[in-house]
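Okay, so here's the structure we're looking at.
Below, chain A is the first sequence line, B the second, and so on; all start at residue 1.
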There are 2 protein chains.
Amino acid sequence: MQYIYEFNKKNTGGDATQKNLLGGKGANLAEMAKLGLPVPPGFTITTECCNDYLKTDGTFPKELYNQIDSAMANMEKEMGKKFGDKENPLLISCRSGARKSMPGMMETVLNVGISSETIPGLIKKTDNEWFVYDAYRRLIMMYSDVVMEKAEDINPVDGMGIRLNLEIILNDLKNDKGYENDTDITTQEMKNLCEKFKKKIKATFNIEFPDNPKDQLMGSIGAVFKSWNGKRAVSYRRIEHIPDNWGTAVNVQSMVFGNMGSNSATGVAFTRDPATGDNKFYGEWLVNAQGEDVVAGIRTPNPLNNDTKNNQNDHLPSLEETMPDLYQELFDIRTILETHYKDMQDIEFTIQDGKLFMLQCRSGKRTALAALNMAMDMFDEKMIDEKTMVQRLDPKHLDDILHPVVDPKAEQNAVKLAEGLPAGPGGAYGQIVFTSEDAVKWARTKKVVLIRDETNPEDIEGMRAASGLLTARGGMTSHAALVARGWGKCCIVGAGALKINYEKKELTNGTKIYKEGDFITLNGTKGIAWEGKLNMLKPTENKRFQQFMEIADKYRQMGVRANAETPDDASLALRFGAEGIGLFRTEHMFYGTDSDKPLFLLRKMILSKSKHERENSLNELFPFVKKEIQSTLEIMGNYPVTFRLLDPPLHEFVPQSEKNQKEMAKALNVDIEEIIQRSEALKETNPMIGHRGVRLGITFPDITEMQIRAILEASAELIKQKQTPLPEIMIPVTCNEKELKFTKKITDRVYNEVVEKFNIASIDYKFGTMIEIPRAAVISDKMARYAEFFSFGTNDLTQMTFGFSRDDIGSFMNEYIENAILDADPFETLDIEAVGELIKASVKLGRRTRPDIKLGICGEHGGDPASIEFCYKEGLTYVSCSPYRVPIARLAAAQAAIKYGSRN
Amino acid sequence: MQYIYEFNKKNTGGDATQKNLLGGKGANLAEMAKLGLPVPPGFTITTECCNDYLKTDGTFPKELYNQIDSAMANMEKEMGKKFGDKENPLLISCRSGARKSMPGMMETVLNVGISSETIPGLIKKTDNEWFVYDAYRRLIMMYSDVVMEKAEDINPVDGMGIRLNLEIILNDLKNDKGYENDTDITTQEMKNLCEKFKKKIKATFNIEFPDNPKDQLMGSIGAVFKSWNGKRAVSYRRIEHIPDNWGTAVNVQSMVFGNMGSNSATGVAFTRDPATGDNKFYGEWLVNAQGEDVVAGIRTPNPLNNDTKNNQNDHLPSLEETMPDLYQELFDIRTILETHYKDMQDIEFTIQDGKLFMLQCRSGKRTALAALNMAMDMFDEKMIDEKTMVQRLDPKHLDDILHPVVDPKAEQNAVKLAEGLPAGPGGAYGQIVFTSEDAVKWARTKKVVLIRDETNPEDIEGMRAASGLLTARGGMTSHAALVARGWGKCCIVGAGALKINYEKKELTNGTKIYKEGDFITLNGTKGIAWEGKLNMLKPTENKRFQQFMEIADKYRQMGVRANAETPDDASLALRFGAEGIGLFRTEHMFYGTDSDKPLFLLRKMILSKSKHERENSLNELFPFVKKEIQSTLEIMGNYPVTFRLLDPPLHEFVPQSEKNQKEMAKALNVDIEEIIQRSEALKETNPMIGHRGVRLGITFPDITEMQIRAILEASAELIKQKQTPLPEIMIPVTCNEKELKFTKKITDRVYNEVVEKFNIASIDYKFGTMIEIPRAAVISDKMARYAEFFSFGTNDLTQMTFGFSRDDIGSFMNEYIENAILDADPFETLDIEAVGELIKASVKLGRRTRPDIKLGICGEHGGDPASIEFCYKEGLTYVSCSPYRVPIARLAAAQAAIKYGSRN
């Protein structure tokens, strides 16, 4: 079994296609080595080895040892150094690298190979004793934390581990001596520090810090493998839906140092601007530093070139100015990589003593706007073809292009709280919280902005829950910025004026104090945080985006409709490209304020006791319902509009306040007790599976009739005006074909009456049903006897199939995701395994009875790209989603058609 | 198309096997005619003709007219009379007759053929003018009501129709003249009455009463057909699950008259006693009366023979005494019929002027006790074989043999309210109501006894809803008695001392007044009604029944277990023949009173906030839970016991009263507000699909662990005592195989700990799951990876598959049944179409993964015969039901094996 793939000047086994085996980092290191770029030699231990190691509870495969020896020998040859050698020792790094990037979620050990035997040689070779002991104390800190410490070693009371204990020793020294920076520490002090560290480690773990480079190496490899199952990594995998069995590779690579003096440096760069997509080489660097220093955001980094300086950093020296030759070399590599990968790359580099090394390259995370611009630019540059261009934009991230921004007018009068780097564009407001836990907790009911000095992987869940992020430190490539951009979340980083007091849960910008719960607003596009809750604006139309969508639509084969109930929403849906309304929820027209007349009439109808009382109320309601229906039909022109008859349980509508109850009592000429009693009688134990939908239509056929008459009369009047309405009548919550038969009988009668009354030839309407109850799916052959169309109501279908009340899953869904019982919340992403199975069965059965049956989906999954892909594969006619998600659905449908080919 | 099957001495086309085509009555009339019994000649118009007639909105098929003419000619020949003839006119009856008996639910018209032309001839022939006009006024009343009146003719305010209007005219006359009986009316008055009736009809319908016998005939046939879709018939079909498309036949038959003087009579009889099964000819008769008079219970009838006289009627003359020769002839016919049909028959006869005619025979309704005794007697008499014997007892009616009777001790001191005929055996108590509507309404929350003067088909729904029935009039073959016996309901009829005031909703027995809502108790076996609510006793063991069940068990191939949670229930289940416990609901051990310690500890555990608090409560609970489990395991010996882990949502258990809340606050050392708050936090919008079952076990794995440890330690202790417990651990509300994986991991760990702690070799236990969520059924191949058994929880599976909350269906289920949207309440009878489909799929998938998987059902359908048949066909290993239903399940399983043959 080959567990190792080398990358060096002589022999590079892997390439960029082998991400599953070598992880992203390893595969790309191999690819760069093949391209002849200056990659420090090394090798990748495969993900298969990781899985074997974890399955055997931490035993390395026997073959591995020889393979490591052989690969190490090749590294040593190329570097002209020997690992563990007294004279000229090679130092190496061990880094994780999974199939998909999991930034900061797994472990890294650097400077492996420093020992009492190799230190003298290192000092001689580097002529820098301080540097060697600094490297050694870094190794000790990292190794003791990553390799030696076990979960049970952490103090259960204060949560403190070895790393923090060692940091306290370091800080005590600095405080004693009054040092500000690590570089103030003297060589002797550094040497003493290493000894102190090792003593503390002995005292803590009862074993010596390993002084054998080989032991250090194998310990580090094992620790990286184990970190695949660390708490942070597992939590991140749940959120990102990464399977547990992928495993991580380990990259063992010769160390190069960016912190060997003023002729050394380290940096991170993107081949194009990841925020805007501009075709500009964009990056950050630090002189005399290790890579972590840039990513961790501890020091504010310098701009890469003059072209991309901004307000925050234009006083800092760029690499272009400081080391022009090396900058040019890096710029050439940028061109090679983009030409090769045909996509924007995120790269890491180190300059050791005037020599450039490439440490990483990968497809760069980007904002949706940047993805759009890059895709269209690269197409214009003939770098990619049209299909690739369409595939480049992740539909999930379209939200960012389409979602709100802070109203500039509101900003004119707003009080500025802080300025920072615009790390995630768009606008967001919320109440401030200071910990990840609080963010998660508060976000269940409120919008929050998470405020941190800097973020780290432990903050992931809070960052996800927050509407926006604000950090006091860090640059555009810091953890917070990378993660926020990946999620398309509004984010400002490096707002250096802010001071956070975690204990008091307070924030100050020097002049004012802001407490937990105070509202603030972020403009992530400009990098400004404002006091209070500012007004948000809908996105202005983006011309380039519209061009892009027109191209995508060429490939799309599945219709996209919107869920909309008001003329405003209908217009918005049309502007977003909807080809009809797939779900008009009748009840929404009553979701007004208490004082609204229609709601009052609906309540009166609901609380009627006799058929006679109810009939009167229905007659009063009729003109209003008809008008609402007519306006929407009119706006939608000759696009179809699917009207779903009354769906929710009646109790949702009854008057709650005494004032409203009194008013109703008067209207119905009964006393208020009677009103309260009638309302109580409508209460249900499990309203979600109670008296609703078609069940109301069967017990109160006059309510059904009123709605159907309103739809058909509204249509008839439009036909009289030479319009061509296409109404579709949809029956909700059906579980039995006889419910449809019952309703169709009413529909047929009303249809004949309306056609006669208006003296028209016909109304072009369709009669159909939601498929949202498992039983309806199971007997869809029968449902199709009466239904000309099915619309899959995947919200309810998911509720019934799982037996999950959507209102109540909060108490267990987190545990289900954390324990990997579910890969994802099935209300967000369609459960293909079972809900999908029922849909498949329904499609098959429905077509058996009615081969040309129209099939749509109108649950919230209608706007979820993965679910849309499923719908395409199953041959659905259309998907329907909220107007804002229509572009997402259009793009996802186009991508599915490109991915799976035409289904005709 | 042959629409008509004749029965007469010369030519009888049909026979008893053709019930589908000829209806039960028609098929048996034909069969009797073939046996040479004295049946008045006639013919049956088929159910196919009915369906054609109803489909064409009331048009007779063309061929029908000729076929009627030809059949009428044969009747006329045999009777020596002519229909519509002036001299010697034939009168005929038109009666309905469906495939399955629907007593009194459809229409009948008698005396068809009386007209101004035929009256003189009739008078001449009968020499009884009074009789002729009485027959005429009966025809007029019946025909105008059944044939001429339409629904819209009924007065919408007082609900009065023509029938009542005519009766008022009749009663006015009697009141004016001071007549008590109809027979007091003079011939001239009777003649005038007929004219008055016809005038009233003309005034009401604006058409003349038809004076042409042919018109009367066709009108009557059509009316009988139409009555298939009458309100009463439709309602009865819903209750009895009779399909709408069966249709009714019409029997047109020569009239014979039991009311032609003291040499005429009419009666109803059973070939054996329908209440006890005794091999005694049992019946009732009236001299000089029409058949309706016996059935309607207007006059208290005489006993058929001396053998079967009882306290109520031993002063009345029997037929055996009054007309010994005719009685002997009837007795011979009884023997012929039983020998021929090999079952107890219910017969109707009429004696016209000293000549016996058979008007009907059919398989007789009987009590369960009678069915048991008859089946075993007939087997002993070698009339039927063993399989037939087993099939003879309807499992649904076993309840009656097994259910409570009134405690004789309580009766010793009770106050007698009334005595009547013991029409339906067993005991019942309840609050009295006086209308069918009230019975239905009250019965939703209370036990009621329905009290009526006499019942009629319009009372059906109230009779069904009531726990018992008590009528002031009618005999053992009255409507109330027949229906109650069919349903196995406790019933007393003909308690003549009672006077009912419907307006005041009061009842008096002459000495006391009882008001609506007062409690009374019925002893339906003795025919005594008692004041108040008396104690009930469990049925004593019935030796004969046990013999019967032993024979049935020889044929049974499917296991029967019980749902039981207490040692008492477990013992009861064993006595009833259960072969294990299929469902031990852990939570039931906490369903005590508020002051119970275990409930208190459970509440404490539920309201614990920290893991620590919860652990303490769990430790306190553990010994109690273990003890309960151990006692049941011990009683069940080496039968398996399936323990279902905690199922309901936790909110069900929290303390509601202030006292209990205070106590809990003290126990948990928090204030009462905190307790209320924690309780509130557990409330759910839709608890049925909320945080329950395995979902609790995942969020609180320590609760799961405590239960599993209790089961395994209880077993281990029994093993130590050389017992052989067979515990089965069952996980509820699962929807995903990973929930099982999660729980199995805990189980495996605890198992190892217990085996080690008790130093035993092993515990023979099984790990399995409920299949009660549609998703679990759909992915059963995966569920079977971890589950060694499936138990179908058809209650919940029905809830989720239909999206019906069982707690909330009350508001629409009636309309669903009435509108034929559902044939039956799916919680009573398994919905084979869809829920059954999911079970089938689950069985198939489960076996694919684990061919020897054990399969059971433990929803309430486990005790429903039709559902048990389904389970047998699908190859389930066992059914589990409440202890009282175990014999029902055993019998149903035996019958399924006989019906479908061995499945091995």
Inter-chain donor/acceptor N,O pairs below 3.5 Å: chain A to chain B:
| residue | atom | partner | partner atom | Å |
| --- | --- | --- | --- | --- |
| A/Thr685 | N | B/Asp808 | OD1 | 2.9 |
| A/Thr685 | N | B/Asp808 | OD2 | 3.4 |
| A/Asn686 | N | B/Asp808 | OD2 | 2.9 |
| A/Asn686 | OD1 | B/Met688 | N | 2.8 |
| A/Asn686 | ND2 | B/Ser805 | OG | 3.1 |
| A/Met688 | N | B/Asn686 | OD1 | 2.8 |
| A/Ile689 | O | B/Ser805 | N | 2.5 |
| A/His691 | ND1 | B/Ser811 | OG | 3.2 |
| A/Arg695 | NH1 | B/Gly803 | O | 2.6 |
| A/Arg695 | NH2 | B/Phe802 | O | 2.8 |
| A/Arg695 | NH2 | B/Gly803 | O | 2.9 |
| A/Asn736 | ND2 | B/Ile821 | O | 2.8 |
| A/Glu739 | OE2 | B/Tyr816 | OH | 2.5 |
| A/Arg775 | N | B/Thr801 | O | 2.8 |
| A/Arg775 | NE | B/Asp831 | OD2 | 2.9 |
| A/Arg775 | NH2 | B/Asp831 | OD1 | 2.6 |
| A/Arg775 | NH2 | B/Asp831 | OD2 | 3.3 |
| A/Arg775 | NH2 | B/Glu833 | OE1 | 3.1 |
| A/Lys782 | NZ | B/Glu833 | OE2 | 2.6 |
| A/Thr801 | O | B/Arg775 | N | 2.8 |
| A/Phe802 | O | B/Arg695 | NH2 | 2.8 |
| A/Gly803 | O | B/Arg695 | NH1 | 2.6 |
| A/Gly803 | O | B/Arg695 | NH2 | 2.9 |
| A/Ser805 | N | B/Ile689 | O | 2.5 |
| A/Ser805 | OG | B/Asn686 | ND2 | 3.1 |
| A/Asp808 | OD1 | B/Thr685 | N | 2.9 |
| A/Asp808 | OD2 | B/Thr685 | N | 3.4 |
| A/Asp808 | OD2 | B/Asn686 | N | 2.9 |
| A/Ser811 | OG | B/His691 | ND1 | 3.2 |
| A/Tyr816 | OH | B/Glu739 | OE2 | 2.5 |
| A/Ile821 | O | B/Asn736 | ND2 | 2.8 |
| A/Asp831 | OD1 | B/Arg775 | NH2 | 2.6 |
| A/Asp831 | OD2 | B/Arg775 | NE | 2.9 |
| A/Asp831 | OD2 | B/Arg775 | NH2 | 3.3 |
| A/Glu833 | OE1 | B/Arg775 | NH2 | 3.1 |
| A/Glu833 | OE2 | B/Lys782 | NZ | 2.6 |

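When the candidates B/Ile779, B/Leu682, B/Ile809, B/Val733 are compared by the number of heavy-atom contacts under 4.5 Å with chain A, B/Ile779 comes out ahead. Contact count versus chain B (heavy atoms, under 4.5 Å) is highest, among A/Leu696, A/Ile773, A/Val835, for A/Ile773. Counting heavy-atom pairs under 4.5 Å between each of A/Pro649, A/Gly810, A/Pro774 and chain B puts A/Pro774 at the top. Of the listed residues B/Ala834, B/Ala820, B/Gly803, the one with more heavy-atom pairs under 4.5 angstrom with chain A than any other is B/Gly803.
No part of B/Ala841 comes within reach of chain A, as not one of its non-hydrogen atoms sits under 4.5 angstrom from that chain. Only the side chain of A/Leu838 comes within contact range of chain B, judged by heavy atoms closer than 4.5 Å.
Listed by chain and number, the residues in a ring pair (Phe, Tyr, Trp, His ring centres under 6.0 Å) with A/Phe802 are A/Phe804 (sequence neighbours excluded).
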